[in-house]
**Q** 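I am attaching a structure below and will ask some questions about it afterwards.
We use all heavy atoms of the structure for the numbers below, so side chains are in, but hydrogens, waters and symmetry mates are not. Residue numbering restarts at 1 for every chain, and letters A, B, ... go by the order of the sequence lines.
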There are 2 protein chains.
Amino acid sequence: MTVVTGRAERAELEGGARRLILDHAARLLRSNGYHQTSLREIAEAVGIRKASLYYHFRSKEEIVEAVVNDGVRLVHDAVLAALGAAGKATARERLKAAIAAHLAALHGHSDYTCASIKVFSFGENPTPESVRSIRRAYDDLWRALIDELASAGVLTPGIAPEHLRLFLLGAMNGSVDWYREGRFDIAQLAGELATLVATKDMIRTS
Amino acid sequence: MTVVTGRAERAELEGGARRLILDHAARLLRSNGYHQTSLREIAEAVGIRKASLYYHFRSKEEIVEAVVNDGVRLVHDAVLAALGAAGKATARERLKAAIAAHLAALHGHSDYTCASIKVFSFGENPTPESVRSIRRAYDDLWRALIDELASAGVLTPGIAPEHLRLFLLGAMNGSVDWYREGRFDIAQLAGELATLVATKDMIRTS
DNA sequence: GCTAGCCTACCGATCGGCAGGTAGGCAACA
DNA sequence: TGTTGCCTACCTGCCGATCGGTAGGCTAGC
């Protein structure tokens, strides 16, 4: 049992300064990218001085890393939840649900997810290990899903599964450059992408 | 209005300093992005001092703009040439040729094309009109090609042509993040993408 | 002598980060 | 209860580095 550190934990649980900083950082990173987002901007948005950020984080990289990782995790969790909810549907409908969840997470409420795409390859040479690790886990989720589709026999034949995954993620993540709220319908986009990827022969799994 | 352009034109024709600067700028922009490419780096690569760049260009933005526009133009011309060469093939093979040309231009010899993708949305708020104009022309090329495919009846039904174009360009341009020479075959990737986009009534001969 | 093409030297702005100070709350103890 | 001391969470103020850009001088070739 922790006895003395109650304060920091309380701040964290209350959605305290740390979360507040990350919220503003995510918003700024999303719209301005890594190098055009300064610690002074973040601090000003939060309402504190720049140096105070160093009480909560060790460096700018640590802030960005936290935002990016949270972003990927949010998408990951959203897609996992969607797949769970669509557990008994056809493989193709599970694909559509996953795509829709990915797109919704990208363009929905969260600045984190959008920032994580935009900032993913920092300017830095070595991408932090934590980022690569979390990203890899999300890649594996899609590998598993595509394997599932392949097993169900609904994939367009003659396409390497790994290539298909790269194409699909590219098409989805590219939407950050053109998607605008109200001008596109995520469910429709997801259905169209699923139609492209999977055959139109529906094979019921239940 | 037409002032001292004779000098620049001559240098251009001679393949002189201006082209040399753009070559190095393109290479650096490709690997480091906009904000991490400094005029000092470019000048050092060329072998001159930073201030000397200002004899050939008015600003950093002008350099980047030239690189980006050249990049888009190169892809545009490559795809146009490929479509010309494949004039009499089936619509689906023309699509494959266009995709292959786009990918080859992205990952082939030219740093310009890759830089144009990576840097396209500068940090700047207003993307220069020349960039948007050239980019729009390239978009129109793909709109026309997809219209052609639609007329030929080879498109997967139920997908808005504009969505299809955005997906396709996203999948292709996303390859800058994962494509590595020798680990992927552009012709194969192009064939797979064409298979995804167009109807599957053609059986691949492996 | 003119000028193209480059140079040195400098500018103000801004970057991430560090040193060190301080207000105020909480806890322990006399 | 009053005092003391620690800790959190912020602050002011500064640092060296680097940014894009400017001013003005030098030199070689026509």
**Q** Are H102(B) and N173(B) close enough that a side-chain donor and a side-chain acceptor fall under 3.5 Å?
**A** yes
**Q** Can you tell me how far apart OH (Y54(B)) and NE2 (H56(B)) are? Round to the nearest 0.5 Å.
**A** 13.0 Å
**Q** Take the protein atom CG of L39(A) and the nucleotide atom P of dC14(D), then report the distance between them rounded to whole Å.
**A** 20 Å
**Q** How many Å lie between CG on L28(B) and P on dC19(D), as a whole number?
**A** 12 Å
**Q** Would you kindly give the CZ-to-P distance between F57(B) and dT22(D), to the nearest whole Å?
**A** 16 Å
**Q** Using OP1 and OP2 only, check whether a side-chain N or O of Y55(A) sits under 4.0 Å from dC10(D).
**A** no
**Q** What is the distance, to the nearest angstrom, from the NZ atom on K60(A) to the P atom on dT14(C)?
**A** 15 Å
**Q** Tell me: CD of E61(A) to P of dC15(C), nearest whole Å?
**A** 17 Å
**Q** Rounded to the Å, how far apart are Y54(B) OH and dG25(D) C1'?
**A** 19 Å
**Q** Is it true that H107(A) and F184(A) have ring centroids separated by less than 6.0 Å?
**A** no
**Q** From the set dA9(C), dC6(C), dG13(D), return the single nucleotide nearest to any side-chain atom of A17(B).
**A** dC6(C)
**Q** Where the side chain of R49(A) is defined as all heavy atoms beyond and including C-beta, which of dC6(C), dT12(D), dC7(C) is the nearest nucleotide?
**A** dT12(D)
**Q** Starting at atom CD1 of I42(A), determine the distance to atom P of dT14(C), rounded to an integer number of angstrom.
**A** 17 Å
**Q** Measure from the side chain of S38(B), starting at C-beta and using heavy atoms only, and say which of dA4(C), dC18(C), dG20(D) lies closest.
**A** dG20(D)
**Q** Quick check for you: among dT12(D), dC10(D), dC6(C), whose closest atom lies nearest to any side-chain atom of I48(A)?
**A** dC10(D)
**Q** In whole angstroms, how far is the C1' atom of dT22(D) from the CZ atom of R40(B)?
**A** 12 Å
**Q** Who passes side chain to side chain donor-acceptor pair (under 3.5 Å) against H76(A), sequence neighbours left out?
**A** none
**Q** Would you mind telling me which of dG16(C), dG20(D), dT8(C) lies closest to the side-chain atoms of A51(B)?
**A** dT8(C)
**Q** Would you indicate what S52(B) reaches in the nucleic acid, counting non-hydrogen atoms under 4.0 angstrom: base, sugar-phosphate, or nothing?
**A** base
**Q** Given dG16(C), dC6(C), dT8(D), which nucleotide is nearest the side-chain atoms of H56(B)?
**A** dC6(C)
**Q** Is the phosphate of dC19(D) approached by H35(A) (side-chain N or O, under 4.0 Å from OP1 or OP2)?
**A** no
**Q** Do N69(A) and S130(A) get their side chains close enough for a donor-acceptor pair, meaning under 3.5 Å?
**A** yes
